[in-house]
Undergrad: 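Below is one structure. I have some questions about it.
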Amino acid sequence: MPIKEINGVRLHFHTNGKGTPLVFIHPPLLTSANFQYQLAQLSDEYQIITFDIRGHGRSEESRTPITYKLIAEDIIQLLDHLNIKQAIVCGYSTGGTVALEAMLNYPDRFLGGVLISAMSEASDVLLRNRIRIAIGLSRWKSAIRILMLGITWGNADSVQTFRNLLNDTKNGNTRNIHQYYRYSLNYNCTKQLSKIKAPILLLYGGKDSGFKRYSKKLLQGLPHATLVTFSKEKHQLPTKAANEMSEAIRQWVHLLIREDLENTEEDNLAPEAYKIDPEMAESHQLRQLE
C-alpha cells in the first residue's frame, strides 16, 4: 500500500481493480484491513479504494483534532490525488456516518453511498454507553489495549483475521482514536438526510437489533434508499458476511449504473427513488419495486 501526503498528513491507502470507484471508510480504532474481503471480491469489476483514517493504522497521526468534516476533506483530496471525479462512498458503522457527512458536504463528488450497519446519530442509551466506554478506554495507552482486543475479536471471522486486524490497530495514535470516538457521541445529521439526493444502499444484519432504529431513521430520511437485511447476521458485515455483502453491493451498483445510463439519455442524471417494501427486511435480494 502506498503512503502519500494527502491534506497535510501522510495517508496509507490502497487501490485495486478498475471501473466505478468505491471508497471504504472504517470506524474508530479499526483500519482499512477491515475491508480485506471487499478489496479482493469486488476489484474484478470496480476500483476499490481503502485507506487508514489519519491517526489510525499506518497513516500518520493528526495534530488537527479528528472530525467527520476533516475525514471527508481527506477523502476528497485522496480522490483528487487518484484523479477520480466521482465515486461511491461506502462506510461501515461509524464510518457510515462519515459517509453521510461527505455526501452532505460534497454532493457532486459521489454517485451514491453504501451504508453498512450505519447510523445518522447515536441516540439510544445502549449505543451511547458503548461509545462512552470506548471514549474512556481510549484515553490511555494502558487501557486501549483492552478495547483493541475486544473490537478486533468482535470483527474477526477467523484467528488470522483477528491477528491482521489487531496488528494494524496497534499502530494507531491513541489521541486520534479517542477524538474519533468522542466526535461520534454527539454528531447528528438526521434532520439533514433529505438533502442527500444520491441513491443509497443500506445494509444491516437482521440480528443487529440495536441498529434497527437507525435503519428506519435512514429509510425515512433519505429520499433514495434501498434496504437489504441479512437475517442471520449481526453488526460486523464486512468480515462476517463478506460474500453476501459484496454480492449485494455488486447488484446494487449494476442497478445504479443502468439507471444512470438510462437517465443520461433522457438528460436527467438523478436516478428515480427506490420504493421500499417492509418485506425487504427479511430478504437477501435487491429488488426495485413498482
Undergrad: With ring centroids as reference points, do Y68 and Y183 lie under 6.0 angstrom apart?
TA: yes
Undergrad: Between the main-chain N or O of H12 and the side-chain N or O of S59, is there a donor-acceptor pair closer than 3.5 Å?
TA: yes
Undergrad: Got a sec: does the CZ of R213 have more than 12 other heavy atoms crowding it under 6.0 Å?
TA: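 Check passes, neighbour count above 12.
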Undergrad: Ignoring hydrogens and angles, state whether a donor on the side chain of N243 or E247 is under 3.5 Å from an acceptor on the partner side chain.
TA: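 No, because no side-chain N or O of N243 sits under 3.5 Å from a partner of the opposite role on E247.
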Undergrad: Using the rule that two of Ile, Leu, Val, Met, Phe, Trp, Tyr join whenever any of their side-chain heavy atoms come within less than 4.5 Å, decide whether L237 and L165 are in one cluster.
TA: no
Undergrad: Does S62 reach the side chain of N173, with side-chain heavy atoms less than 4.5 Å apart?
TA: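 Result no, sub-4.5 Å side-chain heavy-atom pair not found.
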Undergrad: How long is the straight-line distance from CZ of R182 back to CD1 of I177, given to the nearest 0.5 Å?
TA: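 The CZ atom of R182 is 15.0 Å from CD1 of I177, to the nearest 0.5 Å.
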Undergrad: State whether R10 and D52 are salt-bridged, where the test is any N-O pair (Lys NZ or Arg NE/NH1/NH2 against Asp/Glu carboxylate O) under 4.0 Å.
TA: no
Undergrad: Run through N176, T64, D74 and flag the one making a side chain to side chain donor-acceptor pair (under 3.5 Å) with R54.
TA: D74
Undergrad: Hey, would you say the Y204 and H235 ring centroids sit under 6.0 Å apart?
TA: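 Judged by ring-centre distance (under 6.0 Å), Y204 and H235 do not meet the cut-off.
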Undergrad: Counting only heavy atoms not in R132, do more than 12 sit closer than 6.0 Å to its CZ atom?
TA: yes
Undergrad: Is there side-chain contact between E233 and K207, with at least one heavy-atom pair below 4.5 Å?
TA: no
Undergrad: Mind running side chain to side chain contact (heavy atoms under 4.5 Å, CB included) on N34 and D168 for me, showing each step along the way?
TA: CA-CA 10 Å; N34 204 75; D168 265 16; over 6 Å; no
Undergrad: So how far is it from F35 CZ to Q41 CD, rounded to the nearest 0.5 Å?
TA: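 F35 atom CZ to Q41 atom CD measures 13.0 Å (nearest 0.5 Å).
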Undergrad: Do you know the tightest heavy-atom contact between S117 and F211?
TA: O-CE2, 3.5 Å
Undergrad: Could you check whether any side-chain heavy atom of D208 comes within less than 4.5 Å of a side-chain heavy atom of T229, counting everything from C-beta outward?
TA: no
Undergrad: What's the verdict on side chain to side chain donor-acceptor pair (under 3.5 Å) for N16 and Q47, showing C-alpha distance, side-chain angles and the deciding distance?
TA: CA-CA 6 Å; N16 193 27; Q47 182 181 6; over 6 Å; no
Undergrad: Minimum heavy-atom separation for L147 to A134, with atom names?
TA: CD2-O, 3.8 Å
Undergrad: Measuring only between side-chain heavy atoms, which start at C-beta, is Y187 closer than 4.5 Å to E121?
TA: no
Undergrad: Decide yes or no on ring-ring contact (aromatic ring centres under 6.0 Å, His included) for F13 and F51, but give the supporting numbers first.
TA: CA-CA 4 Å; F13 67 93; F51 72 103; 8.6 Å; no
Undergrad: Distance-only, no hydrogens or angles: does the T239 side chain make a donor-acceptor pair with backbone N or O of N155 under 3.5 Å?
TA: yes
Undergrad: Using only atom types and a distance under 3.5 Å, with no angle test, would you say the side chain of S93 pairs donor to acceptor with the backbone of G95?
TA: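 Pair absent, no side-chain N/O of S93 close to backbone of G95.
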Undergrad: According to a hydrophobic-cluster definition based on side-chain heavy atoms being under 4.5 Å apart (Ile, Leu, Val, Met, Phe, Trp, Tyr only), do W140 and M148 belong together?
TA: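 Looking at the clustering, M148 is in a separate group from W140.
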Undergrad: Please test E45 against R250 for salt bridge (Lys or Arg N to Asp or Glu O under 4.0 Å), starting from the C-alpha separation and ending with a verdict.
TA: CA-CA 9 Å; E45 193 168 1; R250 189 186 301 276; 2.6 Å; yes
Undergrad: Contact between L11 and H81 at the side-chain level, heavy atoms closer than 4.5 Å - yes or no?
TA: no
Undergrad: For R109, is the CZ atom crowded, meaning more than 12 foreign heavy atoms sit under 6.0 Å from it?
TA: yes
Undergrad: I want to check something: taking the side chain as every heavy atom from C-beta on, are I196 and L104 in contact at a cut-off of under 4.5 Å?
TA: yes
Undergrad: Below 4.5 Å, heavy atoms only, C-beta onward: do Q38 and M245 meet side chain to side chain?
TA: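 Q38 reaches M245 side chain to side chain.
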Undergrad: Hey, could you give me the CD1/CD1 distance between I25 and I53, rounded to the nearest 0.5 Å?
TA: 7.0 Å
Undergrad: Measure the shortest side-chain to side-chain distance between F110 and I88 over non-hydrogen atoms and say whether it is less than 4.5 angstrom.
TA: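 With C-beta onward as the side chain, the pair stays apart.
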Undergrad: Treating H178 as the side-chain partner and I135 as the backbone partner, does any N or O pair qualify as donor plus acceptor under 3.5 Å?
TA: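 Such a contact is found between H178 side chain and I135 backbone.
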Undergrad: Does G172 offer a backbone N or O that forms a donor-acceptor pair with the side chain of H56 under 3.5 Å?
TA: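 No: the side chain of H56 does not pair with the backbone of G172.
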Undergrad: Without swapping roles, check the side chain of Q179 against the backbone of I66 for a donor-acceptor pair under 3.5 Å.
TA: yes
Undergrad: CZ of R63 to CD of E61: how many Å apart, nearest 0.5 Å?
TA: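 With rounding to 0.5 Å, CZ (R63) is 7.5 Å from CD (E61).
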Undergrad: Set out, in order, the CA-CA distance, both residues' side-chain angles and the distance that settles side chain to side chain contact (heavy atoms under 4.5 Å, CB included) for L127 and M119, then state yes or no.
TA: CA-CA 11 Å; L127 178 58; M119 64 282 197; 4.3 Å; yes
Undergrad: Within this structure, what is the CD1-CG distance for the pair I131 and L126, rounded to the nearest 0.5 Å?
TA: 10.0 Å
